[in-house]
Chemist: 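What follows is a single structure, and I will ask about it in a moment.
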2 protein chains.
Amino acid sequence: MILDTRKLNTLIVLICLMFISNTISGQENLATKLGYDANAKLLIIHADDLGVSHSENIASIKAMESGSVNSGSIMMPTPWVLEIAEYAQNHKDTHDLGLHLVLTSEWKNYRWRPVSSKEMVPSLINEHGYFHAGCTDTVNVKEVEVELRAQIELAYAMGIEPTHLDSHMGCLLWTNQEIFKVYVKLANAYNLPCLIESSFSNLFASESEFNEFLKSENQEVIINQNFTISEAEYANGSESYYINVLKSLKPGLSQLLIHPGYDNEEMRGMTVDHPEWGSTWRQVDFDFFMSEKCETILKDENIILVNWRDIKKTLKK
Amino acid sequence: MILDTRKLNTLIVLICLMFISNTISGQENLATKLGYDANAKLLIIHADDLGVSHSENIASIKAMESGSVNSGSIMMPTPWVLEIAEYAQNHKDTHDLGLHLVLTSEWKNYRWRPVSSKEMVPSLINEHGYFHAGCTDTVNVKEVEVELRAQIELAYAMGIEPTHLDSHMGCLLWTNQEIFKVYVKLANAYNLPCLIESSFSNLFASESEFNEFLKSENQEVIINQNFTISEAEYANGSESYYINVLKSLKPGLSQLLIHPGYDNEEMRGMTVDHPEWGSTWRQVDFDFFMSEKCETILKDENIILVNWRDIKKTLKK
């Protein structure tokens, strides 16, 4: 078969249109379900690590109340969790607070233990009973489920009504398929949306296996683009990274994971010997998302802030 | 029998001398054992609550290294204990650090759990798994022993070599005889001196029963006078209280329990809604025991600072 140039051009345009249509179909559905234009640029600006320290709590609350941050997630095993639980209770109908499920305790001189008893989760802890410092696939999957359930139950017992689930340091997302499945199953069990990206299909033998699993657990890929600053990008300047993310945001639902905190004595003590995600890093996050510059870019770029509460209402009726 | 005035006066003088001799005999023994004059005024200036927060840790370390504080005790279940454990390891031969054994978690939005599993110590915890806020005699004595042993074992596992034992909020000292006995037995089991005052005999049917118990556990009343500022005294001015304590110190071994900390964001968050032992209270403690005024009074009053390490060496060979 021989195609003339005009027909070839038409075919290319058609293929491109099909590709674009396919790419934004997920977003289109969610955006319209949420009441926005199918091509809207939707964004969640999400404060991780709530509960980890007083500095993180008060900076994140400030950035949610007076800045551009509109969501966050709570680490139940951390020392300052009751402060955020009290905040959640006092803002029951408005807050957007999920659970930042925890399997790690990464700081040198300031650590926390599982919510469940050490005898029940021996593979999750070190010789002093604290969580391991980093994600590891040596953890027992049944123990992971015991501990994550304990964290979720503690949240409800403290009066927190979580709007979503996600994962501290991504341990539940990238370690292995079995741990990811526990995470998704728990989200389904508690009828909560959770952070799932399409790239997590890498954990499965095929895309279809991944999609079938999500379907069986009433979950779906919600976030089209998930951003968090890397060490290299931080070294090059956080502000330019964040400005670039906002100015090049694509249609669909994106999430920007940040860590607002005050660069004070407590935070410097917590992050000692660890400049990455350290005290000045968190202050810079706070400063940018409190700035007028950020607010202006969001407006100029027609970025619509949506939150997990709306997503939960829409998808988890 | 009729006594003339001269004989009566002689008798009174004799009785007074016997009384004075009896009163300082304990101190005399300890003072001379420690290498000092029998009538020396010996003092431990002791920072409680180490580990409770970063603010408390760095202020107490500063007050021990550059101020007049010469001893302290560590709360093993607290979030910042690893920071003090690291300090203890780096000052193995010089530090004077005991264990401030814990049965309570008293702050509103910042709490800690037992070191042992919740299933093993159900009477020690509230509905969220934290220690109760205050001392209570509803705790099970066997569970108290399980938890205190776990705290002591954790200290050694973290490389701390405790110089003594005492009790956070005094729960082990004043609640009831059974709990006090657990405390003293553990001190004996680990061959450590511990804070015992003669007034604790109130827990026993008689002085002799109290003394027999102490003897059976190789312990003795070490501290003749134990001072800690009350809410009323704080309201009247901490500095004048401390100056008065130092200027009226009697011969024998006294201990002054203080709580140095910085009045910063973290400490204000920790002690929110609780001015007693609050953030400014701790800053005032820090300021006085860092002052030249304090140093000068100690010198002028011929007060000799001794520590628990020396007492341990002398009494626990």
Side-chain angles (χ1 to χ4, degrees), chain A residues 51-59 61 76-87 89 105 107-122 125-130 150-151 153-160 261-273 279, chain B residues 51-59 61 76-87 89 105 107-122 125-130 150-151 153-160 261-273 279:
Chain A
V52 75
S53 68
H54 183 57
S55 169
E56 192 89 6
N57 283 353
I58 56 175
I61 289 170
M76 295 310 300
T78 54
W80 284 92
V81 68
L82 278 168
E83 188 174 55
I84 280 291
E86 192 193 39
Y87 180 81
Q89 282 172 6
S105 177
W107 306 108
K108 186 181 168 196
N109 287 332
Y110 177 72
R111 303 186 71 161
W112 43 84
R113 304 167 190 282
V115 165
S116 42
S117 299
K118 57 187 171 187
E119 287 80 4
M120 295 176 77
V121 292
I125 58 176
N126 74 3
E127 73 277 20
H128 298 144
Y130 298 117
Q151 291 180 20
E153 289 296 326
L154 181 62
Y156 285 104
M158 284 187 180
I160 300 166
Y262 292 122
D263 177 24
N264 61 14
E265 280 287 5
E266 179 197 18
M267 194 58 97
R268 286 193 287 275
M270 178 180 116
T271 61
V272 65
D273 296 345
S279 194
Chain B
V52 75
S53 68
H54 182 56
S55 169
E56 192 88 8
N57 283 354
I58 56 176
I61 289 170
M76 295 310 300
T78 55
W80 284 91
V81 67
L82 277 168
E83 188 174 55
I84 280 293
E86 190 192 41
Y87 181 81
Q89 281 171 6
S105 176
W107 306 107
K108 186 182 168 196
N109 287 331
Y110 176 73
R111 303 187 70 161
W112 43 84
R113 305 166 188 283
V115 166
S116 42
S117 298
K118 57 187 171 188
E119 287 80 3
M120 296 175 77
V121 293
I125 58 177
N126 74 3
E127 74 277 20
H128 298 143
Y130 298 118
Q151 290 179 22
E153 289 295 327
L154 180 61
Y156 285 105
M158 284 187 181
I160 299 165
Y262 293 122
D263 177 23
N264 61 14
E265 280 287 5
E266 179 196 18
M267 194 58 98
R268 285 192 289 275
M270 179 179 116
T271 62
V272 66
D273 295 345
S279 194

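A, B, ... follow the sequence lines: proteins, then strands. Residue 1 opens every chain.
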Chemist: What part of B:Ile84 gets closer than 4.5 Å to chain A, counting heavy atoms only: side chain, backbone, both or neither?
Modeler: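 Nothing of B:Ile84, per the 4.5 Å heavy-atom cut-off to chain A.
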
Chemist: Let me confirm one number: the CE-NE2 distance from B:Met76 to A:His128, rounded to the nearest 0.5 Å.
Modeler: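 Rounded to the nearest 0.5 Å, the CE-NE2 separation comes to 8.0 Å.
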
Chemist: Shorter than 4.5 Å, heavy atoms on both sides: which option in B:Arg113, B:Lys118, B:Lys108, B:Met158 has the most such pairs with chain A?
Modeler: B:Met158

Chemist: At a heavy-atom separation under 4.5 Å, does B:Glu86 approach chain A through its side chain, its backbone, both, or neither?
Modeler: side chain

Chemist: Is it the side chain or the backbone of B:Met120 that comes within 4.5 Å of chain A heavy atoms, both, or neither?
Modeler: side chain

Chemist: Work out which heavy atom in B:Leu82 is nearest to a heavy atom in A:Tyr130; give both atom names and the distance.
Modeler: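 Scanning both residues completely, I find the closest heavy atoms to be CD1-CE1, 3.6 Å.
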
Chemist: Working note: A:Glu266 + B:Glu265, criterion side-chain contact (heavy atoms from CB on, under 4.5 Å); need CA distance, chi angles, decisive distance, verdict.
Modeler: CA-CA 8 Å; A:Glu266 179 197 18; B:Glu265 280 287 5; 5.8 Å; no

Chemist: Flag the one option from A:Tyr262, A:Trp80, A:Trp112, A:Trp107 with the top tally of heavy-atom pairs under 4.5 Å to chain B.
Modeler: A:Trp80

